[in-house]
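Heads up, the thing below is written out as structure tokens.
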Amino acid sequence: MRLSRYLLKTLRETPADADTANHQLMLRAGMVHQVAAGVYGYLPLAWRALQKIERIVREEMDAAGAQEVRLPALHPIELWQESGRAAGMGDILFKVKDRRGHELVLGPTHEEVITDIVRHSVRSYRDLPLILYQIQTKFRDEPRPRSGLLRGREFTMKDAYSFDAGSEGLDRSYQAMAQAYRNIFDRCGLQTIVVEADSGAIGGKDSQEFMVTAAAGEDELLHCPSCGYAANVEKAAFKKLTPGTTAERPPREKVATPGCATIRDVAALLGVPPERTIKAVLYTDETGGLVFVCIRGDLEVNEVKVKNAFKAKDLRPATDAEIRAVGAVPGYASPIGIRREGVKLAVDDSIVSSVDYVTGANQEGYHYRHVFWDRDFMDKDGKPWLGSAYYQDFAKAQPGHGCPKCGLPLEGSRGIEVGHIFKLGTVYSESMGARYLDTAGQEQPIVMGCYGIGVTRILASAIEQHHDEKGIVWPPAIAPFRVYLVGLNLEQEAIRREADALYDELDKAGVEVLYDDREESAGVKFNDADLIGLPVRLTVSPRNVKQGVVEYKVRTAAKADLVERQRILEKLTPSA
RNA sequence: CGGGGUGUGGCGCAGUUGGCUAGCGCACGUGGUUUGGGACCACGAGGUCGCCGGUUCAAAUCCGGCCGCCCCGACCA
């Protein structure tokens with residue numbers, strides 16, 4: 001392709017609205033055009049890269065036995081009502097009305113549509129297993145699109161769904177997809193880590209995310225350098241060390257702690273370490289009920305774990321008024337002596353019954369000491385909470401905490417979620433009636449899995465992970481072109497002939513080459529070459545032509561080599 | 001949705017105590033001189049100053065409302 005004919009305008013200055021590397025570089029390299037918040041047009045350079053990514057995805061999916069389909073973006077809302085997600089996904093759904101006033105959804109994902117298809121075509125265990133996939137535009141009305149292509153309202157996703165006649169089959173499909181995903185990301189030149197993930201309110205059991213490690217990532221990850229455990233912070237567990245247990249149980253005692261509404265103040269005043277205090281964190285769920293979380297003073301609450309435990313759709317910090325309404329006092333709250341109605345009590349398993357704790361007394365300026373939760377947690381009628389409280393893990397793992405598997409300290413990092421696989425089980429097949437007849441002639445729900453890859457996200461995260469101060473450094477497999485051919489002093493007829501001839505030769509040989517035949521100065525061309533970041537740069541210039549050589553420079557190399565003109569093609573197409 | 005910022009040619013910005021044909025750099029066109037790391041000179045094209053309403057002899061500038069975009073948070077399969 002001749003650059004003089006190509007839709008590609010680079011920018012010297014960085015647009016003010018872009019603040020992540022991928023967004024800045026894609027705008028500067030003339031790859032994308034923003035049309036609205038989170039909505040982009042892909043210009044030729046970006047589109048070529050996307051097509052390469054899609055091709056890799058297709059090859060690996062096909063190799064894993066999946067079959068490609070193409071599903072509609074427009075879905076009748078009834079399908080979403082049937083699965084229960086019309087309400088469940090709420091505001092994220094883009095909705096449109098047709099001329100008759102009938103409501104339709106712009107597909108944010110395709111479980112409903114695919115399940116609808118499969119329930120109409122699969123009858124018997126003989127039709128299974130089946131893995132179907134598509135590459136499609138998805139629409140999500142995100143509360144906040146951001147970071148260029150990393151979180152858009154319209155984006156390209158590869159979504160695959162597996163259908164099996166039992167959980168062993170699902171395991172096999174899941175493993176096949178996991179392997180295909182590893183291959184895809186490796187081929188795309190991405191460094192990823194696979195983490196255990198939260199599968200959300202409607203999810204099944206196993207769920208893993210493929211994360212591109214990058215500082216701009218939205219997700220917080222924890223991993224263990226010694227045993228390999230890795231998880232999204234939403235899901236991560238850790239080893240909770242118990243502070244010294246006590247054999248005796250002194251009676252509970254109220255102590256004055258004026259102005260000590262934080263754990264730090266209370267711990268300092270009473271001379272106890274934070275891990276011997278119990279912190280109360282209060283939320284209100286979508287029904288208006290209060291979710292009362294008790295956790296050891298040195299730990300933070302993981303809201304996702306709380307949400308999952310109570311199957312809450314929505315959780316927000318409770319207001320002071322809501323806290324007082326149940327008889328608790330903000331800053332001095334504990335479950336001791338509060339109302340029971342409308343309160344769900346969550347006790348983190350860091351709170352061990354044999355430890356002597358300090359906790360709030362539900363009275364301004366007072367705390368209790370010598371609190372043993374199994375003995376002292378009682379409501380206002382003196383009825384024990386023990387038995388009706390949820391006692392499990394509600395804590396947020398942090399770097400430095402012990403790995404749940406081997407106990408050594410966990411490390412933290414950030415990642416961009418480029419793939420997510422999980423075992424759905426029979427959630428959709430049951431709600432939507434997708435069944436098959438087993439060998440005994442009995443009707444069974446099909447066991448499903450679903451597997452997503454953010455195709456546009458791969459593009460953005462590849463740039464996020466592979467760039468330097470001058471520009472993009474494309475992983476070769478997804479570079480829009482292989483070679484950036486620079487012609488210098490093309491106004492000299494002899495040089496232009498040489499450059500044109502080299503371009504034609506490479507082009508005929510099937511080497512993807514972008515030929516900078518513009519009338520620009522050397523500096524402009526070299527800087528654009530670095531910005532666009534194709535793997536190889538070739539330079540034809542008067543001094544090279546005189547010597548019968550072409551300058552050959554790999555984007556990642558510090559210096560260029562001079563290669564004999566006749567050897568260029570073989571240098572670019574190594575047979576061995 | 002809460003907090004913050006911002007909106008002036010394609011991009012980056014100035015101008016905002018009300019005052020003349022709204023400026024600067026980059027990019028763009030024409031001509032000339034240059035030519036290995038973002039050249040120079042000359043001439044030139046390009047703007048409903050986000051939108052609507054108000055105040056005024058006069059509004060990019062003051063007032064009111066609305067909208068877009070960006071960031072933090074909430075949110076988010």
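Numbers restart at 1 for each chain; the letters A, B, ... are given by sequence-line order, proteins then strands.
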Can you pull every protein N or O that's under 3.5 Å from an N or O on nucleotides 23-29 of chain B?
unit_1, atom_1, unit_2, atom_2, d
B:rG25, N2, A:E13, OE1, 2.6
B:rA27, OP1, A:R12, NH1, 3.4
B:rA27, OP1, A:R12, NH2, 2.8

Hey, what are the protein-to-nucleotides 6-10 of chain B N/O distances that come in under 3.5 Å?
none

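Note on A:S521: only backbone sugar-phosphate atoms sit closer than 4.0 angstrom, heavy atoms only; bases stay farther off. Using a 4.0 Å heavy-atom criterion, one finds that A:E111 contacts the bases of the nucleic acid, with or without backbone contacts as well.
If you check B:rG37, B:rC70, B:rA39 against the side chain of A:Q34, the one that comes closest is B:rC70. Relative to the side chain of A:A37, the nucleotides B:rG37, B:rG36, B:rC70 differ in distance, and B:rC70 lies closest. Considering only side-chain atoms of A:A36, the nucleotide from B:rC75, B:rC69, B:rG37 that sits closest is B:rC69.
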Which pairs would a plain distance check flag for residues 139-148 of chain A, meaning a side-chain donor or acceptor within less than 3.5 Å of a matching protein atom at least two apart in sequence or in another chain?
unit_1, atom_1, unit_2, atom_2, d
A:R140, NE, A:P108, O, 2.9
A:R140, NH2, A:P108, O, 2.9
A:E142, OE1, A:R151, NH1, 3.0
A:E142, OE2, A:R151, NH1, 3.2
A:R146, NE, A:E218, OE2, 3.0

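RNA chain B lies under 4.0 Å from at least one heavy atom of each of the following residues of residues 483-495 of chain A: A:L488, A:N489, A:E491. Residues from residues 16-24 of chain A with heavy atoms under 4.0 angstrom of RNA chain B, sorted by number: A:A16, A:D17, A:D19.
Proximity of A:K307 to the phosphate of B:rC76: a side-chain N or O atom is located under 4.0 Å from OP1 or OP2. Residue A:R144 places at least one side-chain N or O under 4.0 Å from the OP1 or OP2 atom of B:rC72.
Qualifying salt bridge (Lys or Arg N to Asp or Glu O under 4.0 Å) partners for A:D171, counting only residues two or more places apart in sequence or in other chains: A:K423.
Using a distance-only test at 3.5 Å, with no hydrogens or angles considered, a donor-acceptor pair links the side chain of A:T319 to the main chain of A:E322.
Ring-plane geometry between A:Y181 and A:F185 is classed as perpendicular, the angle between the planes exceeding 60 degrees on a 0 to 90 degree scale with a lower cut at 30.
The shortest distance between side-chain heavy atoms of A:F481 and A:V513 does not fall below 4.5 Å.
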